[in-house]
Amino acid sequence: MKKSLEDSVLFSGLEPDDLKIVEETGHQVSVEKDAFVFFEGDPADGFYVVLSGRIKVHKTSPDGKEQILLMAAAGDSFGEAALFAGKQYPASARAAEAAELISFTRSNFMALLKQNPTLAANMIARMSMLLHHLTRLVQQLSLEDISTRLASYLVDLIGEETAGRKPTVTLKDKKMVLASILGTIPETLSRAFARLSKQGIISVEGQQITVHDYDKLADLATGQKI
């Protein structure tokens, strides 16, 4: 689904004239699937807002293991660290699917921030959201087992797609990508799905997950033993 700039956290609440100035400041970019937007260590001279498609922001270890930090979908921004912290991107960004982006250079966007208090407040809110997300990611990877991480992911997915208590949801990512998001390997993730299925909490058919016991899933997501 393609979104406009006003649908993003950064630019919500801006007056039409201010939004037009922002649009004129940015530069639209088309990215093919699997193409890199930038690599970790590249000079950080700007950031991006996703209009359509999804961008995978990730780090790769020397032995090739990948940890996904963020899946940026339509309306999301990424690379904001370029505005305030350091001269290099701290992670790589790659198109998980064909995407349309708007890029903003550091110098142009900093000038906009000085002129528009709403935009500055939105940027603080977005950075706070990212900090919360990364703090939660560190907690999950260091303190929670894979079943808890998977349950938390499914609860979040249910919250996005339906308010039903016994929903069927579709995984946004293939299981290899999901394993990277959850900080594990596909084989371990498959065993976690199998455990939840054996306990009667969920059933799995391809990319579709049917939740049979939402309360148990929610309890597991908070770290309670089932």
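Counting begins at 1 with the first residue of the sequence.
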Does any non-hydrogen side-chain atom of Leu154 lie less than 4.5 Å from one of Leu217? yes

Main-chain N/O of Glu66 paired with Thr60 side-chain donor or acceptor, under 3.5 Å: no

Is Leu14 reachable from Leu113 through a run of hydrophobic residues whose side-chain heavy atoms are each under 4.5 Å from the next? yes

request  = Indicate whether any N or O donor in one side chain lies under 3.5 Å from an N or O acceptor in the other, for His212 and Ser203.
outcome  = yes

When rounded to the nearest 0.5 Å, the distance separating CZ of Arg106 from CD of Glu80 is 13.5 Å

Taken in chain and number order and not counting sequence neighbours, the residues that satisfy salt bridge (Lys or Arg N to Asp or Glu O under 4.0 Å) with Asp173 are Arg54

Between Asp213 and Asp215, is any pair of side-chain heavy atoms under 4.5 Å apart? yes

If you count heavy atoms of other groups shown closer than 6.0 angstrom to CD of Glu32, is the number above 12?
no

Derivation of the side chain to side chain contact (heavy atoms under 4.5 Å, CB included) call for Ile202 and Tyr214: CA-CA 9 Å; Ile202 65 171; Tyr214 179 87; over 6 Å; no

What about Val29 and Val50, same hydrophobic cluster or not, with Ile/Leu/Val/Met/Phe/Trp/Tyr joined at side-chain heavy-atom distances under 4.5 Å? yes

Notebook entry, point to check: Do you reckon Met110 sits in the same ILVMFWY cluster as Leu112, going by side-chain contacts under 4.5 Å, direct or chained?
Noted result: yes

All heavy atoms of Ile55 vs all of Ala99, minimum pair found to be CD1-CB, 3.9 Å

Does any non-hydrogen side-chain atom of Ile102 lie less than 4.5 Å from one of Tyr48? no

* **Donor-acceptor contact below 3.5 Å, side chain Asn108 vs main chain Thr105** => no

Exercise for review: Without swapping roles, check the side chain of Arg149 against the backbone of Leu182 for a donor-acceptor pair under 3.5 Å.
Suggested key: yes

Sidechain N-carboxylate O distance under 4.0 Å for Glu40, Lys59 = yes

When rounded to the nearest 0.5 Å, the distance separating CD1 of Ile158 from CD1 of Ile209 is 9.5 Å

- prompt: Parallel, tilted or perpendicular: which fits the ring planes of Phe11 and Phe104, with parallel below 30° and perpendicular above 60°?
  reply: tilted

* Asked: Yes or no on side chain to side chain contact (heavy atoms under 4.5 Å, CB included) for Leu150 and Leu196, after CA distance, side-chain angles and deciding distance?
  -> CA-CA 9 Å; Leu150 175 57; Leu196 295 185; 3.8 Å; yes

key: Non-hydrogen side-chain atoms of Leu171 and Tyr153 separated by less than 4.5 Å   = yes

Report task. Kindly determine whether Val57 and Ile68 satisfy side chain to side chain contact (heavy atoms under 4.5 Å, CB included), including the steps that lead there. Result -> CA-CA 6 Å; Val57 180; Ile68 295 177; over 6 Å; no

Should Gln208 and Val169 be marked as a side chain to side chain contact (heavy atoms under 4.5 Å, CB included) after you check the CA-CA gap, both sets of side-chain angles, and the distance that decides it? CA-CA 6 Å; Gln208 292 215 321; Val169 293; over 6 Å; no

Nearest heavy-atom contact between Ala74 and Leu51 is CB-O, 3.4 Å

Check your understanding: Just wondering, do His58 and Arg94 contact through their side chains at under 4.5 Å, heavy atoms?
Key -> yes

Residue pairs passing the side-chain hydrogen bond (donor to acceptor under 3.5 Å, both in side chains) test with at least one member in residues 186-196, sequence neighbours excluded, are Ser147-Arg195, Thr188-Arg191

Output for pair (Gln88 CD, Asp42 CG), nearest 0.5 Å, gives 8.5 Å

Distance col, row Gln207:CD vs Thr170:OG1, nearest 0.5 angstrom, shows 8.0 Å

Q) Ring centroid separation for Phe78 and Phe47, is it under 6.0 angstrom? A) no

Using a distance-only test with no angle check, is there a side-chain donor-acceptor pair under 3.5 angstrom linking Glu100 and Ser30? yes

For residues 112-123, the side-chain hydrogen bond (donor to acceptor under 3.5 Å, both in side chains) pairs (sequence neighbours left out) are Asp18-Asn116

**Q.** Non-hydrogen side-chain atoms of Glu205 and Thr210 separated by less than 4.5 Å
**A.** no

Here the pair of heavy atoms bringing Phe38 nearest to Gly79 is CZ-CA, 4.3 Å

In this structure, CG of Leu5 is separated from OG of Ser12 (nearest 0.5 Å) by 11.5 Å

On a heavy-atom basis, the closest approach of Ala179 and Pro186 is CB-N, 3.7 Å

Rounded to the nearest 0.5 angstrom, the OG1-CG distance for Thr222 and Leu220 is 7.5 Å

Could you check if a side-chain atom of Val49 sits within less than 4.5 angstrom of a side-chain atom of Asp76, using non-hydrogen atoms only?
no

When every non-hydrogen atom of Ala218 is compared with those of Val155, the smallest separation belongs to CA-CG2, 4.0 Å

Check for a donor-acceptor pair, side chain of Ser197 on one end and backbone N or O of Phe193 on the other, with a separation under 3.5 Å. yes

Would one find more than 12 heavy atoms of other residues, nucleotides or ligands at under 6.0 Å from atom CE of Met176?
-> no

Non-hydrogen side-chain atoms of Lys175 and Val204 separated by less than 4.5 Å
yes

Here the pair of heavy atoms bringing Ile181 nearest to Gln67 is O-NE2, 3.2 Å

